[in-house]
Participant: 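The structure is given below, and queries will be raised subsequently.
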Amino acid sequence: MRPNGGHHPQRRRPARQHPPPDAPLDPAREPTGAVRWSTHDVALHPDRVVKRFRVEEGPGPYVRERRALTLLAGRAPGVAPVLLGAHDPVAAADPPALEMSRLPGVPLRGNPLGERQLTAWAQAVRTVHSALPSAELARLPLRHGHERETVRRVRAWYARLPDRRAAPAVRRALRAGAEWLDGSGLGAPDAPPGIPPDVPAVFGAGDGNSANYLWDGHRVRVVDFEESGRSDRAYELAEIVEHVASWVPCPFDAAAFLHRFPLTPAEAARLRDCRTLLALVWVFLLADDDPAHPRNPPGTAERQARRLRRLLDDGA
C-alpha cells in the first residue's frame with residue numbers, strides 16, 4: 001500500500017478503476033504504451049520498461065525499487081525485472097528513473113483468478129519473502145508504511161477526519177475503527193520498533209496491488225518495489241488481501257489465497273490485526289475520493305466500510 005507522505009489520505013491517489021474486461025485472463029494479450037494501473041510515468045517498450053518517479057515523493061521510492069531489483073537479481077533471479085539502467089537526478093526538478101527488462105504476462109488485477117493463478121501467485125510471493133538470507137535481511141531498513149508508520153498516519157488522518165463528504169455508513173465505520181485501534185496495541189509507544197519478536201522477518205514487496213503481479217500462463221512475476229524492505233509475512237499478506245484491488249473491479253478468493261500460506265499461531269493472530277488496520281486505511285482513502293472527479297465506482301467507500309465492519313465483528 002502506498003499512502004505517500006503527509007497526513008491526509010488524499011495524498012495516496014487511489015488507482016483509477018475500470019470495468020472488468022469481458023475476455024478471460026490471456027497472457028498473449030499484453031499491454032503496450034502506458035501501464036493501465038500505474039500511478040507513475042511508466043513507458044512500455046517491446047523489450048524494456050522505463051519508470052520515472054515523481055519528484056515530489058522524494059528519493060525513497062526510487063532508492064527502494066533500485067535496491068530491491070538489485071537484491072532479487074542475485075538472490076531470486078526471474079521473479080522480478082532485471083535492472084538495465086538507473087538515472088540518478090542531478091537537479092531538484094529532475095525525476096529519477098529506472099530502466100528494466102519487460103516481463104511477459106498480464107496483470108492479475110481485474111481478471112478472474114482460478115486455482116492455477118492463485119497457486120502461482122502464492123509461489124511468487126513466497127519467493128520474494130524468502131529471497132534474502134536472515135543476516136542480509138536484518139541489515140535492511142523496514143519497508144515503507146510498516147505498522148508503526150501506518151498507525152501514526154491513521155491517527156493523523158483522524159485528527160483531520162474528512163467526514164464532511166463521507167456517507168453515514170463510512171462515518172460509523174471510522175468511529176468503530178478508532179475504538180478498535182485504541183484497544184489494539186498496534187503502534188503503541190512502548191512497543192518495540194520493527195518486526196514483532198514472535199514472527200519471522202521476510203523481504204516484503206510492500207504494495208499489495210494485484211496489478212503488480214503478472215501471469216504468463218505458467219508463473220507469476222512481480223513488479224513495483226517502491227515500498228519494499230524488511231517486513232513480516234502477516235503484514236505483507238494483509239497488504240494483498242485488503243488492497244482495494246482484491247475486490248474492485250473483480251474479486252478473488254482471499255481465503256483460498258491465504259490458505260496457501262501455513263502460518264504460525266502468532267502470525268495468524270497478527271494477520272487479523274493487520275487486515276483490520278489496512279482495511280481501516282482503505283476506508284480513509286476511498287472516503288476521500290473527490291466526488292467531482294471520482295477514481296472509483298459509486299459506493300466503493302461504503303462497501304469498504306462494510307468490509308471493515310465484518311473484520312471488526314469477526315475479531316470481537
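Heads up: numbering here begins at 1 and tracks the sequence.
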Participant: For Arg233 and Val202, which heavy atoms make the closest approach, and how far apart are they?
Facilitator: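 Looking at all heavy atoms of both residues, the closest pair is N-CG2, 3.7 Å.
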
Participant: Quick one: are Glu65 and Pro96 in side-chain contact, heavy atoms under 4.5 Å?
Facilitator: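 The answer is no; the side chains never approach within 4.5 Å.
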
Participant: Please say whether the positively charged group of Arg64, taken as NZ for Lys or CZ for Arg, lies over the ring of Phe225, i.e. under 6.0 angstrom from the six-membered ring centre and within 45 degrees of the axis.
Facilitator: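 The answer is no, since Arg64 fails at least one limit relative to Phe225.
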
Participant: Assess whether salt bridge (charged side-chain N to carboxylate O under 4.0 Å, His left out) is satisfied between Glu115 and Arg260, documenting all intermediate values.
Facilitator: CA-CA 11 Å; Glu115 291 294 309; Arg260 288 162 165 80; 2.6 Å; yes

Participant: Could you tell me whether the side chain of Pro107 reaches within less than 4.5 Å of the side chain of Leu214, counting heavy atoms only?
Facilitator: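 They are in contact (side-chain heavy atoms under 4.5 Å apart), so the answer is yes.
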
Participant: Can you tell me which residue among Val128, Leu103, Val125, Thr127 is in a side-chain contact (heavy atoms from CB on, under 4.5 Å) with Val222?
Facilitator: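 Of the listed residues Val128, Leu103, Val125, Thr127, the side-chain contact (heavy atoms from CB on, under 4.5 Å) partner of Val222 is Val128.
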
Participant: Check whether Arg148 reaches the backbone of Ala188 with its side chain - one donor and one acceptor, N or O, closer than 3.5 Å.
Facilitator: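 Flag set: sc Arg148 to bb Ala188 pair under 3.5 Å.
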
Participant: Which residue, Val283, Asp289, Val281, Asp288, forms the side-chain contact (heavy atoms from CB on, under 4.5 Å) with Leu285?
Facilitator: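 Of the listed options, the one satisfying the test is Val281.
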
Participant: With no hydrogens and no angle check, is any side-chain donor or acceptor of Glu147 less than 3.5 Å from a backbone partner on Gly187?
Facilitator: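 Checked: pair present.
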
Participant: So, His144 and Glu149: side-chain donor and acceptor under 3.5 Å apart, yes or no?
Facilitator: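 Judged by distance alone, the side chains do pair up.
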
Participant: Please check this pair: side chain of Asn111 against backbone of Arg109, looking for a donor-acceptor N/O pair closer than 3.5 Å.
Facilitator: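 Yes; judged by distance alone, with no hydrogens or angles, the pair exists.
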
Participant: I need the minimum non-hydrogen distance between Pro112 and Cys250, along with the two atoms involved.
Facilitator: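 Shortest heavy-atom separation between Pro112 and Cys250 comes out as N-SG, 3.8 Å.
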
Participant: Are the side chains of Phe53 and Pro95 in contact, using a 4.5 Å heavy-atom criterion?
Facilitator: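 In short, these two side chains do not touch, never coming nearer than 4.5 Å.
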
Participant: Do side-chain atoms of Glu242 reach the backbone of Glu239 as a donor and acceptor pair under 3.5 angstrom?
Facilitator: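 No: the side chain of Glu242 does not pair with the backbone of Glu239.
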
Participant: Check Ser246 against Arg307 and note the closest heavy-atom contact, atom names and distance.
Facilitator: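 For Ser246 and Arg307, the tightest heavy-atom pair comes out as OG-NH2, 3.7 Å.
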
Participant: Is any side-chain heavy atom of His146 less than 4.5 Å from a side-chain heavy atom of Ser231?
Facilitator: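 In short, these two side chains touch, coming nearer than 4.5 Å.
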
Participant: Check Leu118 against Phe252 and note the closest heavy-atom contact, atom names and distance.
Facilitator: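 It is CD2-CD1, 4.2 Å.
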
Participant: Tell me which donor-acceptor pairs under 3.5 Å the side chains of residues 76-92 have, and how far apart each pair is, sequence neighbours excluded?
Facilitator:
from  : atom 1 : to    : atom 2 : distance (Å)
His87 : NE2    : Asp94 : OD1    : 3.3
His87 : NE2    : Asp94 : OD2    : 2.9
Asp88 : OD1    : Tyr62 : OH     : 2.6
Asp88 : OD1    : Arg66 : NH1    : 3.0
Asp88 : OD2    : Arg66 : NH1    : 3.4

Participant: If you look at every heavy atom in Ala234 and Leu271, which pair is closest and at what distance?
Facilitator: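 Heavy-atom minimum between the residues: O-CD1, 3.5 Å.
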
Participant: Hydrophobic clustering (ILVMFWY, side-chain heavy atoms < 4.5 Å, transitive) - are Val63 and Leu72 grouped together?
Facilitator: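 Yes: a chain of side-chain contacts under 4.5 Å links Leu72 to Val63.
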
Participant: Leu280 and side-chain contact (heavy atoms from CB on, under 4.5 Å): which single residue from Leu174, Val151, Thr150 fits?
Facilitator: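 The residue from Leu174, Val151, Thr150 that satisfies side-chain contact (heavy atoms from CB on, under 4.5 Å) with Leu280 turns out to be Leu174.
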
Participant: Taking the side chain as every heavy atom from C-beta outward, state whether Arg126 and Phe261 have any pair of such atoms under 4.5 Å apart.
Facilitator: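 Yes - at least one pair of side-chain heavy atoms lies under 4.5 Å apart.
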
Participant: Determine, using the 4.5 Å side-chain heavy-atom cutoff (strictly less than), whether Leu186 and Leu142 are members of one ILVMFWY cluster.
Facilitator: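 Unlinked, Leu186 and Leu142 end up in two clusters.
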
Participant: Looking only at non-hydrogen atoms, find the nearest pair between Thr276 and Arg272 and report the distance.
Facilitator: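 Nearest pair, atom of Thr276 first, then Arg272: OG1-O, 2.9 Å.
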
Participant: Is a side-chain N or O of Arg116 found less than 3.5 angstrom from the main chain of Gly217, in a donor-acceptor match?
Facilitator: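 Between the backbone of Gly217 and the side chain of Arg116 there is a qualifying donor-acceptor contact (under 3.5 Å).
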
Participant: Applying the 4.5 Å side-chain criterion to the ILVMFWY set and letting contacts propagate, would Val50 and Met100 be lumped into a single cluster?
Facilitator: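 As far as the 4.5 Å side-chain criterion goes, Met100 and Val50 are not connected within one cluster.
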
Participant: Please answer whether the main-chain N or O of Ala205 pairs with a side-chain N or O of Ser228 as donor and acceptor at a distance below 3.5 Å.
Facilitator: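 The answer is no, because no donor-acceptor pair under 3.5 Å joins these two groups.
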
Participant: Please walk me through it: do Arg270 and Asp232 pass salt bridge (charged side-chain N to carboxylate O under 4.0 Å, His left out)?
Facilitator: CA-CA 10 Å; Arg270 178 165 169 76; Asp232 66 274; 2.9 Å; yes

Participant: Are Trp215 and Leu44 connected in a single hydrophobic cluster, I mean Ile/Leu/Val/Met/Phe/Trp/Tyr linked by side-chain heavy atoms less than 4.5 Å apart?
Facilitator: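 Yes, it is one cluster - the side chains of Leu44 and Trp215 are joined through contacts under 4.5 Å.
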
Participant: Taking the side chain as every heavy atom from C-beta outward, state whether Thr300 and Trp247 have any atom pair closer than 4.5 Å.
Facilitator: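 Contact flag for Thr300/Trp247 side chains = yes.
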
Participant: Short question: side chain of Tyr235, backbone of Cys274 - any donor-acceptor pair under 3.5 Å?
Facilitator: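 Judged by distance alone, no pair lies under 3.5 Å.
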
Participant: For a side-chain contact (heavy atoms from CB on, under 4.5 Å) with Tyr213, tell me which candidate from Val106, Val223, Leu113, Val220 qualifies.
Facilitator: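 Looking at Val106, Val223, Leu113, Val220, the match for Tyr213 under the side-chain contact (heavy atoms from CB on, under 4.5 Å) is Val220.
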
Participant: Does Ala156 offer a backbone N or O that forms a donor-acceptor pair with the side chain of Arg160 under 3.5 Å?
Facilitator: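 Checking the backbone N and O of Ala156 against the side chain of Arg160, no donor-acceptor pair under 3.5 Å is found.
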
Participant: Let's go through Arg75 and Leu132 carefully: what are the C-alpha distance in whole Å and the side-chain angles of both, what is the deciding distance for side-chain contact (heavy atoms from CB on, under 4.5 Å) to 0.1 Å, and is it a yes or a no?
Facilitator: CA-CA 6 Å; Arg75 297 297 188 180; Leu132 303 184; 3.6 Å; yes

Participant: Run Arg309 and Asp314 through salt bridge (charged side-chain N to carboxylate O under 4.0 Å, His left out) and show every step you take.
Facilitator: CA-CA 9 Å; Arg309 294 304 297 262; Asp314 289 346; over 6 Å; no

Participant: Looking only at atom types and distance, does a side-chain atom of Arg230 sit under 3.5 Å from a main-chain N or O of Leu140, one as donor and one as acceptor?
Facilitator: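 Here the side-chain-to-backbone pair exists.
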
Participant: With the threshold set at 4.0 Å, does a side-chain nitrogen-carboxylate oxygen contact exist between Lys51 and Asp41?
Facilitator: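 Not counted as a salt bridge, because no side-chain N and carboxylate O are separated by less than 4.0 Å.
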
Participant: May I have the step-by-step check of salt bridge (charged side-chain N to carboxylate O under 4.0 Å, His left out) for Glu302 and Arg172, ending in yes or no?
Facilitator: CA-CA 10 Å; Glu302 290 86 342; Arg172 289 193 296 270; over 6 Å; no

Participant: Is the Phe257 ring parallel, tilted or perpendicular to the Trp121 ring (thresholds 30°, 60°)?
Facilitator: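 Correct class here is tilted.
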
Participant: Cluster question for you: counting only ILVMFWY and a side-chain heavy-atom cut-off of under 4.5 Å, with indirect links fine, are Leu286 and Tyr158 together?
Facilitator: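 Leu286 clusters together with Tyr158.
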
Participant: Any sub-3.5 Å donor-acceptor pair from Arg143's side-chain atoms to Gly206's backbone N or O?
Facilitator: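 Yes; judged by distance alone, with no hydrogens or angles, the pair exists.
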
